Amino acid sequence: MNLRLRASMQDLRVYLDDALLFSAQLPASGRLSAPPASVWHFVPLPDQLAGKSLTLEISSPTGNFAGLVNEVTIGTGDALLWDLLNQNRVNLLVVLFLLCFGLLAILANVILRQLPDARLFYLGLFALSVAVWQFSEARLMQLISGNRFILGSISYLVLAISPIPLLLYLRVAVIPRYKKLFAGLAAGFASCFVLILLLQLGGLVFFIESALLTNALLLGVVTLILVLLLYDMIKHKNRLARGFLQASSALLVTIVIETVLFFSGKYETISLYSRVGIVIFFLILAASAVRSINSMLQQEEETRLLSRLAFVDALSGAANRLAFERDMEKRNTTQTAFMLLMMDINNLK
C-alpha cells in the first residue's frame with residue numbers, strides 16, 4: 001500500500017508511531033534560488049498498520065499555503081495513479097484538443113504559403129501555450145518531468161508569455177489599426193516574463209508572489225482588449241472584431257472568474273471554470289479562421305484570374321493591346337536597341 005498526498009509548496013514529514021517514515025523538503029537555495037514546487041508524493045507503507053498512528057507534519061515558507069492540508073489517499077500504487085488520471089480525464093481531453101488544434105494551425109500556416117500573414121501560426125502558438133498551462137494546472141506535469149524548477153515555474157512562466165501570440169494574432173487578423181499598441185503590449189508581457197524569472201532566480205520574490213503582478217497585468221489587458229473590440233465594432237463596423245468578441249466572450253468571463261479566485265486565495269478551484277470556455281473559444285475561432293482563409297484564397301484566385309484577363313484576349317488567348325504597351329514600356333526602360341516589325345493583315349494589326 002502507498003500513501004498518496006500532495007505537498008503544495010510545503011515541507012512534508014510522515015511519522016508512523018513517532019518514527020519518521022518519509023521526509024520531503026523544499027530544496028535549499030544556492031546562487032540561483034529554486035522555486036518552491038507543488039508535487040505529488042507516493043509514500044510506501046509497511047504491511048502491518050493496524051493499531052498504529054500515522055502523523056503528517058506540514059510546513060511552508062509561502063504564506064499562501066500555510067495551514068493547507070490536501071486530500072490524503074491510501075491504496076496500491078497503480079490504483080492511485082489511475083485514480084489521479086481518471087480525476088483529470090476532462091482536463092486531459094481539453095489538453096489533447098488544444099495540442100491538436102495548435103499543431104494543425106501551425107502546419108496549415110506552413111502549407112498555405114500564399115496567406116498574407118502569420119495569423120494561423122500565432123493562433124497555433126497560443127493554443128499550445130494554453131495546453132501546457134492547462135496540463136500543469138491539472139497537476140499532471142510530474143508525469144512528464146520530475147525537475148522541481150519546471151514543476152514550480154511552468155504555470156507562472158506560461159501565464160506570462162501565453163498572451164503574446166494572442167496579441168500578435170489580434171494585431172494582424174482582427175483589429176490591425178492598433179498594430180503599435182498590440183506590439184507594445186506583447187513586449188510588455190515579454191518583459192514581465194523576464195522580470196519574474198529574474199526575481200525568482202535572485203531569491204527576491206517567489207513565482208507565486210510575482211503572479212499577482214502577472215494576473216493584474218493580464219486582467220488590465222483583457223479589459224483593454226474588450227474595450228478596443230467594442231469600439232472598433234461600433235465605430236468602424238468591424239465584423240472581425242464582432243466575431244472575435246463573440247468567440248472570446250466565454251473565455252473572458254472565465255479569465256475574470258479565475259483571476260478573482262486567485263486574489264481571494266481559492267487556489268484549489270483555479271482552472272475548473274476555464275475548460276468549457278477554452279474549448280468554446282477555440283472551436284468558434286477555428287470556424288472563423290476556416291471561413292477567413294477560404295475567403296482569402298478565393299480572393300487570391302480572383303486576383304490571379306483578373307490579372308491574367310487584363311493582359312490576355314479572352315477570345316483568341318493572345319496578348320492584348322494593354323500587354324503590348326506594358327512590354328513596350330519595359331523594353332524602353334532597358335535602353336537597348338531593338339526592331340519592331342508590324343504587319344497589316346486585312347486591317348488587323
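Being a predicted model, the structure only gives us computed values, none of them experimental.
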Rounded to the nearest 0.5 Å, what's the gap from [atom1] on [X] to [atom2] on [Y]? Could you check?
X    : Y    : atom1 : atom2 : value
M141 : I154 : CE    : CD1   : 5.0 Å
L123 : N109 : CG    : CG    : 10.0 Å
I280 : Q246 : CD1   : CD    : 13.0 Å
T223 : L228 : OG1   : CG    : 11.0 Å
I208 : M9   : CD1   : CE    : 4.5 Å
L230 : I225 : CG    : CD1   : 12.0 Å

Using the test ring-ring contact (aromatic ring centres under 6.0 Å, His included), find all partners of F22 that sit at least two apart in sequence or belong to another chain. H41
Among residues at least two apart in sequence or on other chains, which ones pass ring-ring contact (aromatic ring centres under 6.0 Å, His included) with F182? none
After noting the C-alpha distance and the side-chain angles of Q142 and V39, does the key distance pass the side chain to side chain contact (heavy atoms under 4.5 Å, CB included) rule? CA-CA 7 Å; Q142 201 168 342; V39 296; 3.7 Å; yes
We want to know whether D78 and T76 form a side-chain donor-acceptor pair, criterion being a heavy-atom distance below 3.5 angstrom.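 Distance-only check passes for D78 and T76.
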Compute whether any side-chain donor of one residue and acceptor of the other, for S136 and S155, lie under 3.5 angstrom apart.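 Yes.
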[X] versus [Y], closest heavy-atom pair with distance:
X    : Y    : answer
L151 : S145 : CD2-O, 3.4 Å
A160 : I196 : CB-CD1, 3.9 Å
R6   : W40  : NH1-NE1, 3.1 Å
T214 : C192 : OG1-SG, 3.7 Å
N2   : G77  : ND2-N, 3.6 Å
L120 : A108 : CD1-CB, 3.8 Å

[X] side-chain N/O to [Y] backbone N/O, donor-acceptor pair under 3.5 Å:
X    : Y    : value
S129 : V158 : no
N215 : A211 : yes
E209 : F206 : yes

4.5 Å side-chain heavy-atom contact, [X] and [Y]:
X    : Y    : answer
I150 : I144 : no
I164 : Y122 : no
L3   : L80  : no
L81  : L143 : yes
L54  : V72  : no
D11  : I58  : no
L229 : I175 : yes
S210 : Y156 : no

Assigning hydrophobic clusters by single linkage (Ile, Leu, Val, Met, Phe, Trp, Tyr; side-chain heavy-atom cutoff under 4.5 Å), is [X] placed with [Y]?
X    : Y    : answer
W133 : L96  : no
L99  : L85  : yes
L198 : F207 : yes
L93  : L84  : no
F121 : L107 : no

List in chain and number order the residues that pass side chain to side chain contact (heavy atoms under 4.5 Å, CB included) with L219, two or more places apart in sequence or in another chain; answer none if no residue qualifies. V256, T259
Residues in side chain to side chain donor-acceptor pair (under 3.5 Å) with R239, at least two apart?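 With sequence neighbours excluded, R239 shows a side chain to side chain donor-acceptor pair (under 3.5 Å) to no residue whatsoever.
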Side chain to side chain donor-acceptor pair (under 3.5 Å) filter on R177, not counting sequence neighbours, yields D232
Quick test of your reading: applying side-chain hydrogen bond (donor to acceptor under 3.5 Å, both in side chains), list the pairs with at least one residue in residues 315-325, sequence neighbours left out, ordered by first then second residue.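 Sorted pair list: D313-S316, R321-E325.
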Which ILVMFWY residues can you reach from L104 by hopping between side chains whose heavy atoms are under 4.5 Å apart? none
Other hydrophobic cluster members with L213, side-chain heavy atoms of Ile/Leu/Val/Met/Phe/Trp/Tyr under 4.5 Å, chained? L195, L199, L204, V205
Given F189, which of I161, L159, L217, V194 fulfils the side-chain contact (heavy atoms from CB on, under 4.5 Å) condition?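 Exactly one pass, corresponding to L217.
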Would L128 and F101 count as a side chain to side chain contact (heavy atoms under 4.5 Å, CB included) if you check the C-alpha gap in whole Å, the side-chain angles of each, and the deciding distance to 0.1 Å? CA-CA 8 Å; L128 293 179; F101 181 96; over 6 Å; no
Mind listing the side-chain donor-acceptor pairs of residues 12-20 below 3.5 Å, one per line with the distance, residues two or more places apart or on another chain?
unit_1 : atom_1 : unit_2 : atom_2 : d
R13    : NH1    : E57    : OE2    : 3.3
D17    : OD1    : S53    : N      : 2.8

R4 meets the salt bridge (Lys or Arg N to Asp or Glu O under 4.0 Å) criterion, sequence neighbours left out, with D83
Name all residues meeting the salt bridge (Lys or Arg N to Asp or Glu O under 4.0 Å) criterion together with D117; count only those two or more places apart in sequence or in a different chain, and write none if there are none.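 Only R119 meet the salt bridge (Lys or Arg N to Asp or Glu O under 4.0 Å) criterion with D117.
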Could you go through V279 and L98, starting from their C-alpha distance and side-chain angles, then the distance that decides it, and tell me whether this counts as side chain to side chain contact (heavy atoms under 4.5 Å, CB included)? CA-CA 8 Å; V279 171; L98 291 172; over 6 Å; no
What pairs of donor and acceptor atoms, side-chain ones from residues 166-174 against any protein atom, are under 3.5 angstrom apart with sequence neighbours left out?
unit_1 : atom_1 : unit_2 : atom_2 : d
R171   : NE     : K179   : O      : 3.2

